[in-house]
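Everything on this sheet refers to the single structure shown next.
None of the values given here were measured: they were computed from a predicted structure. Convention: sequence-line order gives letters A, B, ...; per-chain numbering from 1. Hydrogens, waters and symmetry mates play no part in the numbers below; they use all other heavy atoms, side chains included.
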Number of protein chains: 2
Amino acid sequence: MNVFGDYVRQRRLELQETDAAFSLRKVAAAIDVEPSYLSKIERGEQPPPGEKTIIALAKELGEDPDALLALAGKVSEELLAIIRKRPKLFAQLIRDLKNMPDHAVLRLVREVRDGNW
Amino acid sequence: MNVFGDYVRQRRLELQETDAAFSLRKVAAAIDVEPSYLSKIERGEQPPPGEKTIIALAKELGEDPDALLALAGKVSEELLAIIRKRPKLFAQLIRDLKNMPDHAVLRLVREVRDGNW
DNA sequence: TGTAGTGTGTAGTATATACTACACACATGA
DNA sequence: TCATGTGTGTAGTATATACTACACACTACA
């Protein structure tokens with residue numbers, strides 16, 4: 001049950017096939033952690049790293065930071081801060097959307113974005 | 001800058017004026033922590049407690065759990081789990097709503113709730 | 001005057017989080 | 001054959017989180 005590590009390793013190996021800059025050591029250097037640490041994370045011997053490291057990793061691998069954070073069981077501090085400013089409002093909205101299908105939520109996102117509000 | 005503790009103490013003292021069940025010791029017992037710990041939290045000598053304790057405290061004081069968690073700089077695990085299931089969708093929605101006024105978000109909540117979706 | 005209740009002070013503990021430092025074994029090409 | 005690069009194993013560290021246990025001083029009232 002090592003979703004995060006497995007996912008990262010798979011993505012990295014894919015990229016490594018065509019670009020030597022994606023060896024474990026190179027990636028570790030790019031995101032500023034020890035190679036052994038990244039190795040352990042990929043193999044699930046260590047839990048996922050902290051938010052900053054995950055976001056750096058996402059950028060390095062061309063992944064969506066929020067999605068990668070989610071795989072690590074986290075939600076970005078930036079989003080949490082937004083929620084904490086109006087906790088009741090956002091709590092209700094999120095709970096109400098819990099069981100809505102993706103397309104409904106997406107429609108909502110678009111309407112908000114289009115500014116009919 | 002002890003928002004959480006100050007707020008809790010104020011609420012508790014208000015309630016204590018008309019009901020002796022809201023002494024520090026009684027409340028501590030009700031939420032299952034040591035009195036000295038609650039005392040320190042109220043005075044800001046200790047950071048806010050964990051989620052479970054905050055929710056128990058909110059119930060005891062008749063406060064909104066999400067609001068009290070927010071004062072403690074937290075967001076409930078329950079909401080986080082919902083977000084983590086569809087991280088990209090929720091991330092976008094939350095960021096888009098960041099600068100919307102309350103009434104706009106509220107209108108959205110109501111529309112969702114009324115099930116025009 | 002003692003006992004019941006109030007809040008507080010002191011001194012810890014267990015567990016989790018987020019890593020570092022360095023040595024090791026294997027492969028590959030020059 | 002040896003320098004370079006690959007991933008991994010071992011053994012730690014610093015800091016934060018979330019508390020407990022118990023003694024102490026003060027107040028009120030019976």
Open item on the list: Distance check needed: C:dT6 C1' versus B:Phe22 CZ, whole Å only.
Closed with: 17 Å

Open item on the list: When you measure from the side chain of B:Arg25 to the backbone of B:Pro35, do you find a donor-acceptor pair of N or O atoms at a distance under 3.5 Å?
Closed with: no

Open item on the list: If I take atom CZ in residue A:Arg25 and atom C1' in nucleotide D:dG7, what distance separates them, rounded to the nearest angstrom?
Closed with: 7 Å

Task: Minimum-distance nucleotide (side-chain atoms of B:Lys40 versus C:dG7, C:dC19, D:dT20) - done: D:dT20

Task: Which nucleotide in C:dA18, D:dA18, C:dC19 has an atom nearest any side-chain atom of B:Lys74 - done: D:dA18

Task: Greater than 12 external heavy atoms within 6.0 Å of B:Asp32's CG - done: no

TODO: Provide, to the nearest angstrom, the distance between the CG atom belonging to B:Leu38 and the P atom belonging to D:dA18.
DONE: 16 Å

Task: Protein-nucleotide distance (B:Glu51, atom CD; D:dA18, atom C1'), rounded to Å - done: 13 Å

Task: Between the first and last five pairs of the helix from C:dT1-D:dA30 to C:dA30-D:dT1, the angle of the axes, rounded to 10 degrees - done: 10°

Task: Selection from D:dC19, C:dG9, D:dG9 that lies nearest to any side-chain heavy atom of A:Ser36 - done: D:dG9

Open item on the list: For the backbone of B:Lys98 and the side chain of A:Arg86, can you confirm whether one donor and one acceptor N or O come within less than 3.5 Å of each other?
Closed with: yes

- [ ] Counting heavy atoms from C-beta on, name the nucleotide in D:dG7, D:dT8, C:dG7 closest to the side chain of A:Pro35.
- [x] D:dT8

Task: Ion pair check, A:Arg11 and A:Glu60, cut-off under 4.0 Å - done: no

TODO: Among C:dG9, C:dT20, D:dG7, find the nucleotide with the atom closest to the side chain of B:Glu45.
DONE: C:dG9

- [ ] Measure from the side-chain heavy atoms of B:Tyr37 and tell me the nearest of D:dT8, D:dA21, D:dA18.
- [x] D:dA18

Open item on the list: Does a side-chain N or O of A:Arg43 approach OP1 or OP2 of D:dG9 to a distance below 4.0 Å, or not?
Closed with: yes

Open item on the list: Using whole Å, what does the distance between atom C1' of nucleotide D:dT17 and atom CD1 of B:Ile41 come to?
Closed with: 12 Å

Task: Within-4.5 Å side-chain heavy-atom neighbours: A:Glu51 and A:Ser76 - done: yes

- [ ] Could you tell me whether A:Lys26 contacts a base, only the sugar-phosphate backbone, or nothing, with contacts defined as non-hydrogen atoms closer than 4.0 Å?
- [x] sugar-phosphate

Task: Value in whole Å for how far the C1' atom of D:dT20 lies from CG of B:Asp32 - done: 11 Å

- [ ] Provide, to the nearest angstrom, the distance between the CD1 atom belonging to A:Ile31 and the P atom belonging to C:dA18.
- [x] 14 Å

Task: Integer-rounded Å distance: D:dT13 C1' and A:Glu34 CD - done: 13 Å

Task: Presence of A:Gln46 side-chain N/O under 4.0 Å of D:dG9 phosphate oxygens OP1/OP2 - done: no

- [ ] Would you indicate, yes or no, if D:dT8 has its OP1 or OP2 atom less than 4.0 angstrom from a side-chain nitrogen or oxygen of A:Arg9?
- [x] yes

Open item on the list: Please determine whether residues B:Leu80 and A:Leu69 belong to a single hydrophobic cluster, defined as Ile, Leu, Val, Met, Phe, Trp and Tyr linked transitively by side-chain heavy-atom distances below 4.5 Å.
Closed with: no

Open item on the list: Using a heavy-atom cut-off of 4.0 Å across all strands, would you classify B:Gln16 as base, sugar-phosphate, or nothing?
Closed with: sugar-phosphate

- [ ] Say whether A:Val75 and B:Ile94 are linked into one hydrophobic cluster, either directly or through other cluster members, by side-chain heavy-atom distances under 4.5 angstrom.
- [x] yes

Open item on the list: If you compare every side-chain N and O of A:Thr53 against the phosphate oxygens of C:dA18 (OP1, OP2), does one of them come in below 4.0 Å?
Closed with: no

Task: Beyond-backbone contact of B:Val33 with B:Thr53, side-chain heavy atoms, under 4.5 angstrom - done: yes

